[in-house]
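Have a look at the structure below, then the notes.
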Amino acid sequence: MTANTDHARVRTGDGIPRWRDTSLDAGARADALIAEMTLREKTAQLFGVWVGASDEGGEVAPHQHDMEEAVDLEELLPYGLGQLTRPFGTAPVDPALGALSLMRTQRRIAAANRFGIPALAHEECLAGFAAWGATAYPVPLSWGATFDPALIREMAAAIGRDMRSVGVHQGLAPVLDVVRDARWGRVEETIGEDPYLVGTVATAYVQGLESAGIVATLKHFAGYSASRAGRNLAPVGMGARERADVILPPFEMAVRESGVRSVMHAYTDTDGIPSAADERLLTGLLRDAWGFTGTVVADYFGIAFLKTLHGVAGTFGEAAGAALAAGVDVELPTVRAFGDPLLDAVAGGRVPEALVDRAVRRVLVQKAELGLLDPDWSPRPPALTGPGAQDRDVPGPEDRDVPGAQDRDVPGPQGTAGAPAPDAGTFPRPDVAPGDGAERGSVHLDTDANRALARRVAERAVVLLHNDGTLPLSPAHAPGRTAAPARIALIGPNAESRTAVLGCYAFPVHVGGKHPGIPLGIGLPTLREALAAEFPDSEIVVATGATVDGTGTDGFAEAAAAARDADVVVAALGDRAGLFGRGTSGEGCDAESLALPGVQQQLLDLLLATGTPVVVTLLAGRPYALGRAATGSAAVVQSFFPGEEGTAAVASVLSGRTAPSGRLPVSVPRHPGAQPSTYLAARLGHSSEVSSIDPTPAFGFGHGLTYTTFEWSDLATDGHEAATDGRFGLEFTVRNTGPREGTELVQLYLHDPVASVVQPVQRLIGYVRLELAPGQAVRVRATVPADLAAFTGRDGRRIVEPGELELRFAASSTDPRLVARVALTGPVREVDHRRELHTTFGTEPVPDR
């Protein structure tokens, strides 16, 4: 059978099957196709296959080796296939040859099933397209540090264009989990500890990805980050109100405002109900209340986990039925529960076929919207389109009949076609002839434009936590400084580590570590190299001192000597990203405390004791307590895994060429054991005389210094009262009173002193970045809807209560600058998902004094 074989009985007047008719809406086309499908053909659209997965090396998904089973493609493909799992992100493959392999795979899939339906290909894109040779952007925690949704939207659009260019359809990002305990290893994957910041930045990311034609995926829905003790995939301990007011708002905002087309359920269970089997969450809230119409996909192996981890299903068939009933549409990464176990359950009357029809309709509607059901669909991606790029690289029937070659056009453990592991920078493909737009190296996923964008994000995300005046180090950017340091001692485990800037989902870490003989694929300057480029007249002396997480102190003496002989010390500290215990940050790399890993704190204290000014630089995936260095060092510069341009960004901030403008998306603790703690704590969560543990942060959420100063003044309000369905208008002036241009981040916090249920002391309800030249001033206008004072009341309804409020305009959660005391009047008002979500800001220039 070929893709052109037509068995459809329902046709248009032109003889075209209705599901091929592009003049019909996607729903009508899906319905027409479903009417022609057998049960097995329908279930085949509800799972992916991960033929490239390998049991060599470490896992990249929880319990991967326990859950993997061999997949017989020859048996599966005649019925169709819903998704291809990570054709680029499973093993190193040259992008051009990967695109060619994916194209050939898609032709094979379409040719094998009687309707000619291709698969939807998905990839990870948490910090850029997770493929060999693709740009490694900063991790999401750095996105949050920018407080710049427009920039993150631009970055996501670039990531999406690269993915789409090689034939990928869906990206498994962004993560909307709100940090509740910074010991959790996946903090680096989050955007921060505040739901409003997470929601606004994640929504922008989705908008960018979707603008490029990529189906974005919100994850992990919902509550994954609230696991007890910060342990990955552990039980979640939270009440319905915390879930409603902290965990869910980012997802709600993204569903309402971003155009997102997919959601991934969380692994965890809350109050005994696993998310994958929670019908009230996945259907009642997500679809019925919020109006989501896309697909819900399983986190990897999450449906099978209903049996193996949660124990709410006795068989995989029961797990399949529970997930379908809850609202999960697609099993990822490969077929386990939605294959024969689901078919048997439907045949036995234990699972209604109507649930299969509901899920497959959502899948087929999405495929229709992506053009995968169109009569002129082509598997050839844009990257392989061009002069001479016709079809002579597409295998014919004889290729598929070669003994042992049944899988060679499907990405395999070595990347593509089962080819041997590449070496010396080459990626051999003995079964692919050169030409046709697929020559090795002909597709570029790390362009100059990408790197420039990665640099902008990295620079904007660097946070200056503390500075006694030592920074900036360059006389060109520091009035009064006569020369750059003659000798800089760069000391610490991240001084010469190329991957110190990467999170656990960056390809060189996520996959590349299992292929040590293969080049990184992208340029990753070390911090030493970046400092040498930034300070060409300075001598850079390097001493590692210790490893990231080792216990050895043999290098301390050399480090101390180097520090004493230097004009300034740059301490290169932080994390090593990894997976499931193979790093100090990342999925499954949870921390017992927020002390710096290994002996880094001892090394830092040793450097401080030398008397040489110490500039602490952190390349990390989470915040760490710094002991006396928080105030006793010359400066502290925080960067959360800033990507391939990250060391250059940090160096430019140290020199002063770049003015620091990042702000903390998570609080930095004062003490390593005061967890869990976030700035969103209620009064009982703050320091008190009745506990010996002080959770007061060293640097609060939203904190960040600049190389200039700002004055805030002249707060005025339109009135001090508004109805519970009204709004407040406020305005004030911000002026750059320092010597150079800089960025001030105006943050607006709401404090509700008396409420019918306990509230956090304050919470962020708006922010705006102001870029001001020396002496420049703007009048900031803020319009604050009463809806932003809403919270979940005692009976579970979201309400706006009358009463007094404080609106705090602040430079951080610990630095209020101007406070307006206002009051809401009138009756208690119930609101729902249609409520207003944003403070509106506007600015007008203020004439010079």
Point to revise | S262 side chain vs V296 backbone, donor-acceptor pair below 3.5 Å | key: no
Check your understanding: Between the side chains of D446 and T135, does any donor sit under 3.5 Å from an acceptor?
Key -> yes
Point to revise | Backbone N/O of A119 and side chain of Q106: donor-acceptor pair under 3.5 Å | key: yes
Exercise for review: Working to the nearest 0.5 Å, report the span between CG of L233 and CG of D269.
Suggested key: 9.5 Å
Exercise for review: Apply ring pair (Phe, Tyr, Trp, His ring centres under 6.0 Å) to the pair Y205 and W143, showing each step before the final yes or no.
Suggested key: CA-CA 9 Å; Y205 183 88; W143 311 351; 4.5 Å; yes
**Study point:** Whether T190 side chain and R186 backbone form a donor-acceptor pair below 3.5 Å
**Key:** no
Practice item. Indicate whether the side chain of Y267 and that of N232 have a donor and an acceptor atom separated by less than 3.5 Å. Key: no
Review point. Does E331 use its side chain to pair, donor to acceptor, with the backbone of A337 at less than 3.5 Å?
Key: yes
Check your understanding: Centre of Y505's six-membered ring, under 6.0 Å away, within 45 degrees of the axis: is that where NZ or CZ of K219 sits?
Key -> yes
Study note, to complete from the structure: So CZ of F292 and CG of L286: to nearest 0.5 Å the spacing works out to 5.5 Å
Review point. Is there a donor-acceptor contact under 3.5 Å from the side chain of D278 to the main chain of L281?
Key: yes
Exercise for review: Kindly compute the distance separating CG (D148) from CD (E154), expressed to the nearest 0.5 Å.
Suggested key: 9.0 Å
Check your understanding: For the residue pair P250 and P195, what are the closest heavy atoms and their distance?
Key -> CG-O, 3.5 Å
Check your understanding: Between W50 and T90, is any side-chain donor less than 3.5 angstrom from a side-chain acceptor?
Key -> yes
Exercise for review: Calculate, to the nearest 0.5 Å, the distance between atoms SG and CG belonging to C504 and L579 respectively.
Suggested key: 5.0 Å
Exercise for review: Mark yes or no for whether T105, through its side chain, and S101, through its backbone, hold a donor-acceptor pair below 3.5 Å.
Suggested key: yes
Point to revise | Any side-chain donor near an acceptor of the partner, Q170 and Q366, under 3.5 Å | key: no
Review point. Can you tell me if R256 uses its side chain to pair, donor with acceptor, with the backbone of H833 under 3.5 Å?
Key: yes
Check your understanding: Between T217 (side chain) and G171 (backbone), is there a donor-acceptor pair under 3.5 Å?
Key -> yes
Check your understanding: Yes or no on salt bridge (charged side-chain N to carboxylate O under 4.0 Å, His left out) for K42 and D329, after CA distance, side-chain angles and deciding distance?
Key -> CA-CA 11 Å; K42 288 187 284 189; D329 303 310; over 6 Å; no
Review point. Does one side chain, of H838 or E257, offer a donor that lies under 3.5 Å from an acceptor on the other?
Key: yes
Review point. Is the backbone of D575 close enough, under 3.5 Å, to the side chain of R622 for a donor and an acceptor to pair up by distance?
Key: no
Practice item. Spell out, as yes or no, whether a donor-acceptor pair under 3.5 Å connects the side chain of T334 to the backbone of V49. Key: no
Check your understanding: How far does CG of L384 sit from CD of E439, to the nearest 0.5 angstrom?
Key -> 9.5 Å
**Study point:** Rounded distance (nearest 0.5 Å) linking atom OG of S142 with atom CD1 of I191
**Key:** 11.5 Å
Check your understanding: Is there a donor-acceptor contact under 3.5 Å linking the side chains of Y224 and S275?
Key -> no
Point to revise | Q207-S258 side chain donor-acceptor pair, cut-off 3.5 Å | key: no
Point to revise | Whether Y767 and Y196 hold their rings parallel, tilted or perpendicular, with breakpoints at 30° and 60° | key: perpendicular
